[in-house]
Amino acid sequence: MVEIALDGKRKKILTILFGIATFFSFICMLTFVQKFIYNFAFVKILHSSGSFEYWRQILLHISFISTAMFALGFLLVSRSNSLKVTSSNVFATVILLSFALAQIVMIFDRWNMGINDSRYDFGDFFTAASCSIQMGEDICPPVSMLIYQIARNTFPGLNGNPWADYSIMMDSFVAGYYIQLFFIFSLAPLAILIYKNINGTGLQKAFFAVAIFLSRPFMIGFQRGNSVMQALICVMIFVMCYQSKDKLIKEIALLALALAFCFKIYTAVFGVLLLKEKDIKSAVRCAVYALALFILPVFCHTTGVESMILYIKALFGYVSETTLPSQLSIGGILKLLCKNLGAESAYSVIFPIAMLIFVAGCAFIIIKSSKKWQGYFACAAACVMIPTLSWPYTAIYFSIAIIAMLNDKNKGWNEYFVLVCFMFVFTFNYYKLCRLTEIIFGVGTWGVYLLVAFIAVVADCFLQLKAEKL
């Protein structure tokens, strides 16, 4: 941590600079100022052919964002006696600046920001809710489909046709009610958990919690209304409590992981943390809870066991498109790489070998790592990169490892390198600016940054193991 003292003179200068920047950004929002800028800068100097209204909207947008950012800086400087430069503050600031820049770039091209739906459809939530009448039509576990079915039952105007009902849900004003509920039962608990877990002053903790929600994976997860949010809540509770000596707290942790499994099956991988602690009894109890919570909701559906069979068929029969640049899976990365190199036929040979190496690497990290964040990283990597379908919002599982890493007081070169990789994943991308993977690998996917971070963590574990032997 680097602390910069704000003495009288330095504080006064910074306060004046931020105040002036805030003032000039604000007056650029005024129409008569915009006319002056348009006539003098865009017409006389730049000879722009764009209309005043076109440039006015752009100036208004940019000046509004810059006013908010400079005002925030003015508030922080004027109310602080020192500026503490910590890794968590830097990480949060980068995400916040990325979000601010994204708002400006979205004026020109929304598609390249990753938030690219033609309308806000809360798609995953409403798709699953509309299909819950036919359990298994959408690949969600039984407990998720039960919740979606309850939501469906309270939605007016549905006619029993899943896909027709989906359109009704998207176009209805009542949709806002369910978006509010999703916010209350997803982002609100996550904000509390993140605030509780990250180290720092109250202001620093709040700043980090707000910033992380403005990151690309969290924004997309909320936009889609995906149950990955609820799964993350459960996993966070588990990670916080699974080592507790209090029996009740420990049991809550086991139930939380079991429930996470019922939302997203792949979160079961976090159970290996219990095996690492050699807590076999807790692992068995957690497995029993998970199976009970997974199977019992089946009998809440009218088709009973048949619904479970339908779900399993839908799950294993689901064919995902892994060549999309937004995929974070090992399969997606390799498929794009082979395609760009003109060696698509080699994919069937390379993929199983690469997957075997990746799984072995995850196991190695979990077993040999001496730092908690590395174990969390390996579990998150397995959740995100092993499934064939892995959308950008699944990267939110890495927030558990990021928080643990930022809390580590003995960070070395490896931690800072991995943090930089995460910055590329959690920030928005702007056209080709942040897509270095296209230049280096010919693969336009940010999953490459996760793969690079994974290699760095494996290398660090090897170095730790070597140092212990010496």
Side-chain angles (χ1 to χ4, degrees), residues 1-2 84-96 98 190-191 193-201 204-218 232-233 235-243 267 269-270 272-273 276-277 328 361-362 364-385 394-427 446-465 467:
M1 181 185 73
V2 178
K84 294 180 179 178
V85 183
T86 64
S87 53
S88 61
N89 286 345
V90 172
F91 188 83
T93 301
V94 169
I95 291 176
L96 185 62
S98 165
L190 276 175
L193 289 170
I194 292 171
Y195 182 90
K196 179 74 174 175
N197 278 286
I198 192 71
N199 291 342
T201 64
Q204 290 172 335
K205 289 155 73 78
F207 177 60
F208 182 86
V210 171
I212 199 76
F213 283 140
L214 296 177
S215 66
R216 189 181 177 197
F218 276 92
L232 179 61
I233 292 170
V235 174
M236 276 193 168
I237 293 173
F238 169 76
V239 169
M240 286 176 62
C241 304
Y242 80 98
Q243 291 179 312
T267 56
V269 72
F270 280 90
V272 300
L273 296 175
K276 184 177 181 179
E277 297 288 320
L328 305 183
C362 288
F364 174 76
I365 294 172
I366 293 170
I367 295 169
K368 297 299 182 180
S369 62
S370 58
K371 299 178 180 179
K372 280 187 177 181
W373 75 264
Q374 292 177 333
Y376 302 157
F377 174 89
C379 291
C383 283
V384 174
M385 304 184 77
T394 59
I396 68 174
Y397 290 115
F398 285 106
S399 62
I400 299 172
I402 290 171
I403 291 171
M405 186 195 308
L406 293 172
N407 289 341
D408 189 352
K409 295 180 179 179
N410 299 313
K411 287 186 280 291
W413 66 268
N414 183 67
E415 279 83 358
Y416 291 114
F417 178 79
V418 173
L419 276 176
V420 171
C421 292
F422 278 133
M423 284 179 183
F424 280 102
V425 175
F426 276 75
T427 53
W446 50 337
V448 173
Y449 297 115
L450 293 178
L451 190 58
V452 171
F454 178 81
I455 294 170
V457 175
V458 171
D460 190 47
C461 288
F462 268 115
L463 292 175
Q464 291 175 22
L465 189 62

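Nearest approach of A211 to A92, heavy atoms of both residues: CB-O, 3.5 Å. The shortest non-hydrogen separation linking L96 to F207 is CD2-CE1, 3.6 Å. Across K205 and G200, no two heavy atoms sit closer than the pair CD-O, 3.2 Å. Counting all heavy atoms, side chain and backbone alike, I366 lies closest to A378 at CG1-CB, 3.6 Å.
A distance of 5.0 Å separates CD1 in I198 from OG in S88, rounded to the nearest 0.5 Å. Atom CD1 of I403 and atom CE of M240 lie 10.0 Å apart (nearest 0.5 Å). Expressed to the nearest 0.5 Å, how far CG of L406 lies from CG of L419 amounts to 5.5 Å. Note: C383 SG to L328 CG = 12.5 Å, rounded to the nearest 0.5 Å.
A distance-only check finds a donor-acceptor pair linking the side chain of K411 to the backbone of D408 [under 3.5 Å]. N197 places a side-chain N or O within 3.5 Å of a backbone atom of L193 that can act as its donor or acceptor partner. Formation of a donor-acceptor pair under 3.5 Å by the T93 side chain with backbone atoms of N89 is found in this model.
The neighbour count for K196 NZ, taken as heavy atoms of other residues, nucleotides or ligands under 6.0 Å away, does not exceed 12.
Centroid-to-centroid, the aromatic rings of F238 and F270 stay 6.0 Å apart or farther. The aromatic ring centroids of F422 and Y449 lie 6.0 Å or more from each other.
Classified by interplanar angle (parallel below 30°, tilted 30° to 60°, perpendicular above 60°), the ring pair F454/F377 is parallel.
Residues T267 and Y397 have side chains in contact (heavy-atom distance under 4.5 Å, counting atoms from C-beta outward).
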